Peer 1: 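Sharing a structure with you now.
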Amino acid sequence: MSLHQLILLGCLSVGLAQEFMTPTTDIVAELKALKARVEKLEKEKQDTPKVAFTARLLESGKQHTGPFNIHTTLIYKDVVTNIGANYNPTTGMFTAPVKGVYFFSFTNFGYMSNGAHIGTTLYKNDEHIVSAFQYKTDNTEDVSSSAATLVLEVGDQVYVRLPSGFKVYDDAHDRCSFSGFLLFQTEDALKPCNSADHS
């Protein structure tokens with residue numbers, strides 16, 4: 001390597017070292033901003049309510065529920081989990097404590113007899129959301145289940161109804177249940193996503 005090349009390499013090295021030692025960004029300010037952001041996220045996490053429940057239809061024994069002549073709200077009396085106490089085992093209603101996105105699931109079991117079908121329907125306030133039905137067949141017993149993710153406002157109620165002419169059966173195996181939990185809290189109404197926006 002020639003002397004000229006060595007001098008150029010030395011100048012370049014000094015320049016890079018000076019640039020590293022005098023960065024264009026203020027590291028202390030960046031660290032303060034990062035610390036403030038972490039503290040904000042930790043506070044938001046602490047402020048977010050813990051919401052989750054699972055309830056089974058019967059506290060003990062075994063019985064058929066239904067069929068009835070009218071739609072009937074099922075009351076899941078055997079509460080397994082009720083973090084936040086937002087599920088009411090007296091009414092069968094879950095009431096949203098905060099605005100957010102929630103997940104719900106429900107399961108049914110029954111014996112095919114007496115011309116009645118097996119199944120239930122999930123409701124949000126008075127709105128039918130999803131159903132899990134099993135119509136009468138030659139099978140002696142059957143199961144059905146479904147689930148839904150819902151955007152709820154404070155005070156919205158979610159519950160399961162037994163439609164007119166349907167029934168369920170439960171016993172010590174606890175095959176009829178209702179569960180739900182808060183996925184995340186929201187501040188503003190969620191906007192629908194248009195697939196064309198992502199093309």
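Please read all numbers here as calculations on a predicted model, not as lab measurements.
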Peer 1: Name all residues meeting the salt bridge (charged side-chain N to carboxylate O under 4.0 Å, His left out) criterion together with D156; count only those two or more places apart in sequence or in a different chain, and write none if there are none.
Peer 2: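 Salt bridge (charged side-chain N to carboxylate O under 4.0 Å, His left out) check on D156 returns nothing, list empty.
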
Peer 1: Going by heavy atoms in the side chains, are D171 and L58 under 4.5 Å from each other?
Peer 2: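 Side chain of D171 against side chain of L58, heavy atoms only: no contact under 4.5 Å found.
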
Peer 1: For residues F94 and F104, establish whether the separation of their ring centroids is below 6.0 Å.
Peer 2: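 F94 vs F104: aromatic centres under 6.0 Å.
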
Peer 1: Do D170 side-chain atoms and R175 backbone N/O form a donor-acceptor pair below 3.5 Å?
Peer 2: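 Looks like yes, one N/O pair under 3.5 Å.
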
Peer 1: Do we see a donor-acceptor contact under 3.5 Å between the side chains of N86 and T95?
Peer 2: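 The answer is no; no qualifying pair exists.
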
Peer 1: Using side-chain heavy atoms (C-beta onward) and a distance below 4.5 Å, is F178 in contact with R56?
Peer 2: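 In short, these two side chains do not touch, never coming nearer than 4.5 Å.
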
Peer 1: Ignoring hydrogens, what is the shortest heavy-atom contact between Y87 and A55? Give both atom names and the distance.
Peer 2: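 In this case the closest contact between Y87 and A55 is CE2-CB, 3.8 Å.
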
Peer 1: Can any side-chain N or O of K167 pair as donor or acceptor with the backbone N or O of L162 at less than 3.5 Å?
Peer 2: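 Not confirmed, K167 side chain does not pair with L162 backbone.
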
Peer 1: Can you see whether T54 engages T81 through a side-chain donor-acceptor pair at a distance of less than 3.5 angstrom?
Peer 2: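 There is no such pair (donor and acceptor under 3.5 Å, judged by atom type) between the side chains of T54 and T81.
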
Peer 1: What salt bridge (Lys or Arg N to Asp or Glu O under 4.0 Å) pairs are there with at least one residue in residues 119-134, not counting sequence neighbours?
Peer 2: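 Qualifying pairs, neighbours excluded: none.
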
Peer 1: Linking Ile, Leu, Val, Met, Phe, Trp and Tyr by side-chain heavy atoms under 4.5 Å, what else ends up with Y123?
Peer 2: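 Other cluster members: M93, Y159.
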
Peer 1: Show the nearest heavy-atom pair for residues I75 and P89, with the distance to one decimal.
Peer 2: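 Distance-wise, the nearest heavy atoms are CG2-O, 3.0 Å.
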
Peer 1: Return yes if a side-chain donor-acceptor contact under 3.5 Å exists between S164 and N69, otherwise no.
Peer 2: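 Short answer, no.
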
Peer 1: Do the ring centers of F166 and F133 come within less than 6.0 Å of each other?
Peer 2: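 Yes - the distance between ring centres of F166 and F133 falls below the 6.0 Å cut-off.
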
Peer 1: Can you tell me which residue among L152, L150, L183, L182 is in a side chain to side chain contact (heavy atoms under 4.5 Å, CB included) with V101?
Peer 2: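 Result for side chain to side chain contact (heavy atoms under 4.5 Å, CB included) with V101: L183.
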
